[in-house]
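For the single chain, residues carry numbers from 1 onward in sequence order. Atoms considered below: every heavy atom in the structure, side chains included; atoms not considered: hydrogens, waters and symmetry mates.
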Amino acid sequence: MVTRLSHLFLRTLRDDPSDAEVTSAKLLVRAGYVRRQSPGIFAWLPLGLRVRARIEAIIRDEMVAAGAQEVLLPALLPREPYEATNRWTEYGDGMFRLQDRKGADYLLAPTHEEMFALLVKDLYGSYKDLPVTLFQIQDKYRDEARPRAGLLRGREFTMKDAYSFDLTDEGLERSYQVMRDAYEKIFARLGLEYVIVKADAGAMGGSKSEEFLHPIGVGEDTFVRSAGGYAANVEAYVTPVPEALPIEGQPEPVLLPASDTPTIETLVAHANEIAPREGAPWTAADTLKNVVLALTHLDGTREIVVVGLPGDRDVDLKRAEVAFAPAEVEPAGDDDFRKHKSLVKGYIGPQVLGAESTTGIRYFVDPRVVDGTAWITGANERGVHVSGLVAGRDFVADGVAEVSDVRAGDPAPDGSGPLETARGMEIGHVFQLGRKYAEALGLKVQDENGKLATVTMGSYGIGVTRILAILAEAHNDEKGLAWPKNVAPFDVHVVATGKDEVAYDLATSIVAELEGERFEVLYDDRPKVSPGVKLRDAELLGMPIVVVAGRGAADGVVELWNRASGERRDMPVAELLEAVRAI
C-alpha cells in the first residue's frame, strides 16, 4: 500500500510544544502522530493510529495464540456493580463519575473486572464451561491529579485487559502462567526490555500480583533487584526482620536534656557529646524517628497515626499508601499537632502512644524495631530526649508498618544479595484476583457434584498507548523518531526532491516496485515543498528506511538511509530493492 504525503492529513511542527515534558510527547506532537486536546487527552492522527494498530495486532496475535477470546465492553458503565465490590468508593477521586438525565450514576471505566464477571455470570452456569479467558482492547479513564508526560500518563488511555475464569485455585495458577508467558512473548516481539517484579495489588486486590516494568529514566516507579534474581516494586518490598534481642539485663532509660535538638542530626551530635558510647559513636540508625501521618479513610474521617522507624530512614509515602490502604496518606500538618497536644513536635516518643494509651493514637513501628532493641528517641517533653528505650519493655507498638524508604544496598528478602534501585514504567500487570469479585457479584457455577461453587478470577492488563509512548521514548535521536520496523507506520519512506521531473519519475518507479514487493510505503510527492523541509520531515517522522531520489536521479543513483543505525549511502537504483530487504 502507498500513501502519498500530498494527501496525508499531516502537519509537522518545527518547535517542541510548550506543554510537553518528555521526549516522546514532544516528538509525537511535532511529527503529527497525536494532538493534545486538553491535559492528558489526545486526538489520534493517521500516523499515530497506524503505530497503535500495529502494537495492538501483536498483542491480539499473542492473546489469541494463548487461547483468549476477544470481546468489547462499553467504557460507560453503571454504578451498581462497582458499588457491590466497594470500588465506587475505593477509587476515590481517580474515577470519573457522572449522571444521566434521570439522575442515575455512571462511571467512565478505569478497569473492567466487574463487568467481565457479570458477563460470564450471565452466560455460563456449569463447570463444563470453564476455564475461559476473555480480553478486550478498550479505552480507560482515570482522573489523574496531574496528567503529565504525554501518553505515558494520560486521563484517557487504551489498554488490553484480559480476565480468566476457573473453578479451582490450581486452574487459576495455570491460566495465570499462560498469560504471563504470553506477556513475555508480546514484549519480546515489541523489542521492549522488561523486568518482572513483585507488586502490590492495590485497589485490584488478589493473592498475587506482578508488574512488567520497562527500565526508563522517566519512569514513575522505583523498583529494586538483586544480582541473585530478586525483583520487586518498592511498594511490594518486604523488609527482612532481624532476630529479637534479650530484654533482661538491659539498663534503664536515661534522659538526655538538651535545649535545642529537634532534628536527628542535632540529636546524634548532642548524644555523642554528653553520653558518648564505648566502641563506636552514636549514629542516626541508633535513633527512633517518630513520624506523624494523617490518614483519610473512605468515609472521610481523618486519623492521626505515628510510625517509629530508624532515624537514618525516611517515610516513602507510596509505601505508606500501601501499608494503610485504602486510606489516603499525607504528613500531618500544623492543625493536626494543634489538635493533639500530646504530640510534642521534634521530641515525640512512643511511651505515650498506642491504642491502649490515653492519647488513643495508634503507634506502628518499622520491621527493624524488634523486641530488645534499644533506641534514642523523644521523651514527649520539649528539649528532652531519652536514651536506652527498649522495644517490648518500655513501649509496645500496635502493629508493624512497611513505610520506610528502600535503598540500594538493602538486603533482598530472599537472601539473594544486596539490592540496586532503578526507575521503570509499568507496561503490563498480572493479578491473581481469586474470588473477591466473584463473591461480591455472585459469580457461581455448578461443580461436578451439582453444588454451586464460586469462580476464581485472574486479571491481566497491558498499556497499549503507554507502550507506544515508551517506544517513541526509546527510539529517537536529535533529529526525530526512529521507529523499530515491527511497529513503524510504514516500512519505507520515499522522498522525491528538487524540481527535476527525473527525480519524481524515478521515485514513482521505486514506489511501484516496493509496493509490488508488499512493502508499505509513504511517498513524499509534495511538488512545492523544498528539499530541506522534506528531508527534515523524513528524519522527524522516523520510518525505518528512507530512500531519497534527488541529485543523482539522472544517473540512476539514490540515497538510502537506515534510520536506526544512522547509516546513509548512495547506491544504484538497481541494487536498492535488495538493500531494503537486507535492512
Side-chain angles (χ1 to χ4, degrees), residues 169 173 176 180 194-213 215 219-245 285 288-291 293 295 305-329 350 362-373 375 391-392 396-424 426 428-434 436 458-459:
D169 294 339
E173 286 280 358
Y176 181 89
R180 193 178 187 274
Y194 63 88
V195 178
I196 303 175
V197 302
K198 295 180 181 178
D200 175 70
M204 296 284 285
S207 59
K208 186 174 182 179
S209 171
E210 292 178 293
E211 283 182 351
F212 289 73
L213 294 180
E220 59 190 4
D221 293 305
T222 300
F223 68 95
V224 291
R225 53 187 170 184
S226 70
Y230 174 82
N233 197 307
V234 290
E235 290 92 333
Y237 172 78
V238 178
T239 306
V241 180
E243 292 287 334
L245 301 175
L288 186 65
K289 178 193 297 183
N290 295 290
V291 180
L293 299 175
L295 312 184
V305 300
V306 179
V307 182
L309 61 155
D312 63 336
R313 297 276 168 171
D314 292 317
V315 169
D316 182 324
L317 284 178
K318 280 191 172 183
R319 282 170 58 78
E321 290 274 6
V322 171
F324 295 107
E328 294 182 2
V329 183
R362 291 193 293 162
Y363 183 65
F364 299 87
V365 293
D366 182 87
R368 301 170 184 85
V369 185
V370 296
D371 284 355
T373 52
W375 303 90
V396 178
D398 295 304
V400 174
E402 290 270 11
V403 303
S404 66
D405 53 2
V406 184
R407 301 174 182 171
D410 284 347
D414 62 357
S416 59
L419 299 175
E420 64 174 18
T421 62
R423 301 292 294 175
E426 180 186 333
H429 207 153
V430 290
F431 301 85
Q432 288 187 16
L433 295 177
K436 171 183 175 179
S459 176

Which atom names give the shortest non-hydrogen contact between [X] and [Y], and what distance separates them?
{"X": "Tyr230", "Y": "Val238", "result": "OH-N, 4.3 Å"}
{"X": "Ala408", "Y": "Thr421", "result": "N-CG2, 3.6 Å"}
{"X": "Ala320", "Y": "Val329", "result": "O-CG2, 3.7 Å"}
{"X": "Gly308", "Y": "Val369", "result": "O-CG2, 4.1 Å"}
{"X": "Ser416", "Y": "Ser226", "result": "OG-OG, 2.6 Å"}
{"X": "Pro242", "Y": "Val370", "result": "O-CG1, 3.6 Å"}

- With under 30° as parallel and over 60° as perpendicular, where do the rings of Phe324 and Phe364 fit, or are they tilted in between? perpendicular
Rounded to the nearest 0.5 Å, how far apart are [atom1] of [X] and [atom2] of [Y]?
{"X": "Leu288", "Y": "Leu309", "atom1": "CG", "atom2": "CG", "value": "7.5 Å"}
{"X": "Phe223", "Y": "Tyr237", "atom1": "CZ", "atom2": "OH", "value": "15.5 Å"}
{"X": "Ile196", "Y": "His429", "atom1": "CD1", "atom2": "NE2", "value": "11.5 Å"}

- Query: When you measure from the side chain of Arg423 to the backbone N and O of Gly219, does any donor-acceptor pair fall under 3.5 Å?
  - Reply: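 Looks like yes, one N/O pair under 3.5 Å.
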- Message: List the residues meeting salt bridge (charged side-chain N to carboxylate O under 4.0 Å, His left out) with Glu220, not counting sequence neighbours, and say none if there are none.
- Response: Arg153, Arg466
- Task: Quick one: list whatever passes salt bridge (charged side-chain N to carboxylate O under 4.0 Å, His left out) with Asp410, sequence neighbours left out.
- Result: Arg313
- Which pairs count as side-chain hydrogen bond (donor to acceptor under 3.5 Å, both in side chains) when at least one residue sits in residues 314-324, sequence neighbours excluded?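 As it turns out, the side-chain hydrogen bond (donor to acceptor under 3.5 Å, both in side chains) pairs with a partner in residues 314-324, which skip direct neighbours, are Lys289-Asp314, Arg319-Glu402.
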- Task: Please lay out, stage by stage, how Leu213 and Arg225 fare under the test side chain to side chain contact (heavy atoms under 4.5 Å, CB included).
- Result: CA-CA 12 Å; Leu213 294 180; Arg225 53 187 170 184; over 6 Å; no
- Task: Measure the shortest side-chain to side-chain distance between Asp366 and Pro310 over non-hydrogen atoms and say whether it is less than 4.5 angstrom.
- Result: yes
- Message: side chain to side chain contact (heavy atoms under 4.5 Å, CB included) for Val406 and Leu419? Distances and angles first, verdict last.
- Response: CA-CA 9 Å; Val406 184; Leu419 299 175; 4.1 Å; yes
